[in-house]
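Following: one structure in structure tokens, then a few remarks.
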Amino acid sequence: MKIYDTLQDTLVDFVPRKEGEVSLYACGPTVYSHPHLGHARQAMTYDIMRRYLEWNGLHVHHVANVTDIDDKIINRALEEGRTEGEVAAEWKAVYDEAMDALNILRPLDRPHATEYIDEMVAMIHTLVDNGSAYANDSGVYLRVRSVEGYGALVHRTPDELAEGAGARVEVDDNKEDPLDFALWKAAKPGEPTWDSPWGPGRPGWHIECAAMSLDILGDGFDLHGGGNDLVFPHHTNERAEAIAAGREFARYWLHNGMLNTGGEKMSKSLNNFQTIQSMLDENPLNARGLRLLLLQTHYRKTLELDDDSMAQAHEGVKRLDAMARKAANGGLDMTSTARVDDAIERFREAMDHDFGTPEAMAVVFETVRRANGALDGGDEADQAHALALTAIELANVFGLQVGLDEAADDDAAGDIDAMVAARTEAKANKDFGEADRIRDELAAQGITVEDTASGPVWYRTCVR
RNA sequence: GCGUCGGUGCCCGAGCGGCCCAAGGGAACGGCCUGCAAAGCCGUACAGUCGCGGGUUCAAAUCCCGCCCGGCGCUCCA
């Protein structure tokens with residue numbers, strides 16, 4: 001398959017370092033506050049890629065770090081009179097809950113920064129020893145200009161970077177060059193610290209990911225992903241650290257586009273964010289709605305999210321559900337392995353071109369239309385069911401769960417069935433006033449009744 | 001300012017040299033179905049041609065140049 005590599009700035013053939021296995025490192029959250037929709041996009045993007053690769057029979061070693069020590073966590077702990085560990089643990093739990101609600105699979109490894117201090121110190125040691133880094137009273141810094149190809153990921157030379165930074169970077173007399181950045185920050189009063197050959201302190205942000213990704217996935221791991229706002233400085237600096245340490249870093253770089261709202265990036269600092277929790281509280285259907293929205297936009301593109309686009313996505317999700325419901329009502333056998341090859345082929349083709357989920361979703365919806373048509377036609381049930389099963393499976397590949405007939409599991413199923421039966425009888429007696437009254441009553445309870453070729457079906461209007 | 005990505009129908013959003021008189025989703029309209037609906041299917045309209053102006057090519061939404069507008073980045077950031 002082909003993927004777009006940020007470093008090479010072009011579409012390239014993706015060849016995993018080891019056949020049948022893909023190693024993926026995607027930057028995870030700093031746990032100090034509510035995760036918002038921007039985090040959801042990032043996590044969901046790599047979740048979708050992982051699911052697709054796994055569906056293709058590849059083993060995906062998906063790693064995402066958890067940054068549990070940094071300025072924001074320290075500040076929050078200070079404000080709340082708690083330890084950094086307590087703050088991090090609390091917000092990690094909130095993050096996990098949000099990810100679960102969004103049906104995002106847990107990465108296989110989730111290294112915490114504080115558990116990898118030794119590895120980071122060892123890496124810094126290597127950098128100091130080989131002259132790539134220098135220590136002083138305020139910490140240890142990477143000598144950026146000594147690193148071959150520094151800035152290649154952002155396609156800028158050190159001089160170009162320095163020029164752009166001139167107006168904004170604080171002058172720091174501790175650094176030999178304004179471009180240099182901290183690998184190790186010397187202890188400040190009141191901060192948690194770890195011992196190191198350069199005195200007590202804590203690791204810089206970038207060394208975290210460099211040390212953990214290399215330690216867990218090894219040299220030359222396959223994919224490194226993250227939001228495109230991390231290309232510089234974070235990923236650029238991680239890469240510089242690895243190169244300076246003589247390690248082979250990620251072989252391909254993936255960067256997802258931002259989630260915008262009101263024309264701007266959703267972010268904590270702009271204070272224009274919506275938390276995942278509040279989105280789900282608004283409407284549980286938003287979990288799948290958001291996933292569909294992401295699937296219908298290419299991962300590298302900016303996605304503008306507003307109430308209107310979310311409402312449109314809801315309709316798409318309902319369309320998927322309606323087809324599945326119709327098929328289930330027509331006796332669909334979920335254990336059947338019958339599929340429609342041409343759809344699967346086109347789906348693969350789309351995905352193998354840099355994870356072309358929008359086109360792949362178009363295939364899914366076309367298959368839904370074909371399934372609906374075949375289901376309505378009544379004859380050739382086998383073909384109709386194969387189409388329905390194909391559409392359901394392909395949506396599921398993306399983690400987009402298609403609601404099947406859940407009526408049987410409903411607590412109130414007995415009562416509702418009775419009302420539906422009463423309505424059917426009223427209809428048979430041509431007492432349409434009564435039939436409509438029952439339908440309205442059910443509607444008031446959030447239940448929709450539809451008459452199909454194989455009898456009436458009901459469902460809760462708003463599901464997951 | 002520098003770099004980078006983008007500007008496609010009423011809305012969202014694919015396509016990135018010929019298969020495009022431009023996918024898919026949403027919304028609209030008509031038909032079929034229905035007691036009426038809903039869902040579904042079929043069809044129609046909506047892009048007078050893909051931000052604007054040049055150019056390359058037998059051929060451009062797709063490549064090149066210039067301009068306008070917007071996003072992101074330029075050391076908190078997914």
Side-chain angles (χ1 to χ4, degrees), chain A residues 6 9 26-30 35-46 70-72 151 154-156 160-170 178-182 205-206 225-234 236-237 255-260 263-270 292-293 295-298 300-306 308-323 325-326 350 353 356-366 368-377 427 430-433 435-436 439 443 448-453 457:
Chain A
T6 307
D9 193 24
C27 287
T30 298
H36 59 66
L37 270 25
H39 300 113
R41 180 178 196 187
Q42 191 273 144
M44 222 179 240
T45 296
Y46 298 100
D70 91 323
D71 290 342
K72 303 200 162 153
V154 258
H155 310 110
R156 316 221 66 195
E160 287 169 335
L161 285 166
E163 189 185 333
R168 296 180 55 161
V169 177
E170 272 178 53
L179 246 34
D180 295 349
F181 62 89
W205 177 33
H206 319 303
N228 67 194
D229 56 346
L230 294 186
V231 175
F232 186 88
H234 187 49
T236 293
N237 289 350
H255 287 99
N256 59 280
M258 294 293 101
L259 185 144
N260 279 201
E264 285 181 315
K265 176 170 78 158
M266 183 177 286
S267 72
K268 290 262 168 69
S269 47
L270 287 171
L292 179 57
L293 229 32
L295 287 165
Q296 291 188 312
T297 307
H298 190 86
R300 282 193 278 118
K301 272 206 171 179
T302 302
L303 169 67
E304 175 74 29
L305 181 72
D306 55 38
D308 196 44
S309 53
M310 185 57 99
Q312 290 181 11
H314 287 175
E315 296 311 310
V317 170
K318 288 180 189 168
R319 179 168 163 77
L320 256 20
D321 284 351
M323 183 279 294
R325 199 159 44 233
K326 182 191 294 224
H353 188 83
T357 59
E359 261 193 274
M361 271 318 295
V363 172
V364 172
F365 276 110
E366 275 170 30
V368 166
R369 179 166 20 83
R370 289 166 70 190
N372 276 326
L375 254 11
D376 282 346
K427 279 176 57 176
K430 301 232 184 291
D431 185 355
F432 298 122
D436 289 350
R439 187 167 66 196
T448 303
V449 186
E450 289 175 3
D451 294 324
T452 75
V457 285

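Sequence lines set the chain letters: A, B, ... in the order given, protein chains first and strands last, and positions in each chain run from 1.
- Side chain of His155(A) to backbone of Thr6(A): a donor-acceptor contact under 3.5 angstrom is found.
- Considering only the side chain of Glu366(A), G24(B) comes nearest among A78(B), G24(B), C72(B).
- If you check every strand for non-hydrogen atoms under 4.0 Å, Lys268(A) touches nothing.
- By the side-chain contact (heavy atoms from CB on, under 4.5 Å) test, Glu264(A) pairs with Leu270(A), Asn272(A), sequence neighbours left out.
- The salt bridge (charged side-chain N to carboxylate O under 4.0 Å, His left out) test applied to Arg369(A) returns no partner, not counting sequence neighbours.
- In terms of the salt bridge (charged side-chain N to carboxylate O under 4.0 Å, His left out) criterion, Lys268(A) has no residue partners (sequence neighbours excluded).
- Scored by the salt bridge (charged side-chain N to carboxylate O under 4.0 Å, His left out) test, Arg319(A) finds no partners at all (sequence neighbours excluded).
- Among the heavy atoms of the strands lying under 4.0 Å from Gly38(A) is at least one base atom, whether or not backbone atoms are also near.
- Nucleotide G53(B) is shown with an anti base, its glycosidic torsion being more than 90° from 0.
- With sequence neighbours excluded, no residue forms a side-chain contact (heavy atoms from CB on, under 4.5 Å) with Ala362(A).
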**Study point:** Annotated protein contacts, base or backbone, on nucleotides 31-41 of chain B with a non-hydrogen cut-off under 4.0 Å, one of B, S, - each
**Key:** ----BBBBSSS
Review point. What dot-bracket string describes RNA chain B from 5' to 3', counting Watson-Crick and G-U wobble pairs whose defining distances are under 3.5 Å, with [ ] for crossing pairs and | for pairs to another strand?
Key: (((((((..(((.....[.....))).(((((.......)))))......(((((..]....))))))))))))....
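- For Thr297(A), the side-chain contact (heavy atoms from CB on, under 4.5 Å) partners two or more places apart in sequence, or in a different chain, are Arg41(A), Lys301(A), Leu303(A).
- The residue among His155(A) and Cys27(A) whose nearest nucleotide of RNA chain B lies closer to the 5′ end is His155(A).
- Comparing A38(B) with C21(B), their P atoms are spaced 36 Å from each other, to the whole Å.
- Atom pair Phe232(A):CZ and C76(B):P shows a separation of 10 Å (rounding to whole Å applied).
- Rounded to the nearest Å, the gap between the C1' atom of C20(B) and that of A47(B) is 11 Å.
- Distance check on atom P: G3(B) versus C77(B) gives 25 Å, rounded to whole Å.
- Using atom C1' as the reference point in both G7(B) and U62(B), the two lie 14 Å apart (nearest Å).
- Contact of the Lys427(A) side chain with the Asp451(A) side chain is registered, since non-hydrogen atoms from C-beta on lie closer than 4.5 Å.
- Look at CZ on Arg300(A): it is 15 Å from P on U4(B), rounded to the nearest Å.
- We find that CG of Leu303(A) is positioned 17 Å from P of A78(B), with the value rounded to whole Å.
- A search for side-chain contact (heavy atoms from CB on, under 4.5 Å) contacts involving Asn260(A) returns Met258(A), Lys265(A), Thr302(A), Glu304(A), not counting sequence neighbours.
- With values rounded to the nearest 0.5 angstrom, Met44(A) atom CE is found 9.0 Å from Leu37(A) atom CG.
- Note: Phe181(A) and His206(A) have perpendicular aromatic rings, judged against thresholds of 30 and 60 degrees for the angle between ring planes.
- Judged as a side chain to side chain donor-acceptor pair (under 3.5 Å), and not counting sequence neighbours, Asp431(A) has no contacts.
- When the salt bridge (charged side-chain N to carboxylate O under 4.0 Å, His left out) test is applied to Asp436(A), the partners found at least two apart in sequence or on another chain are Arg439(A).
- The side chain of Trp205(A) places no N or O atom within less than 4.0 Å of a non-bridging phosphate oxygen (OP1 or OP2) of U75(B).
- Comparing the C1' positions of U44(B) and G9(B) gives an interatomic distance of 15 Å, to the nearest angstrom.
- Atom CG in Asp306(A) sits roughly 12 Å away from atom C1' in G26(B) (whole-Å rounding).
- Between Leu320(A) atom CG and G24(B) atom C1' there is a gap of 12 Å when expressed in whole angstrom units.
- A gap of 27 Å separates the C1' atoms of G53(B) and C46(B), to the nearest Å.
- Between A60(B) and C69(B), the distance separating the two C1' atoms is 23 Å to the nearest Å.
- C33(B) and C42(B) have their P atoms separated by 16 Å, given to the nearest Å.
- Across all strands, Leu259(A) comes closer than 4.0 Å to base atoms (heavy-atom distances).
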Every protein N/O lying under 3.5 Å from an N/O of nucleotides 14-17 of chain B:
unit_1, atom_1, unit_2, atom_2, d
A14(B), OP1, His298(A), N, 2.6
A14(B), OP2, Lys301(A), NZ, 3.1

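- Looking at the side chain of Phe365(A), the nearest of the listed nucleotides C72(B), C12(B), G25(B) is G25(B).
- C77(B) atom P lies 10 Å from atom NE2 of His39(A), rounded to whole Å.
- The CZ-P distance, from Arg156(A) to G1(B), rounds to 14 Å in whole Å.
- Atom-to-atom, CG of Asn256(A) to P of G73(B) comes out at 13 Å; the value is rounded to the nearest Å.
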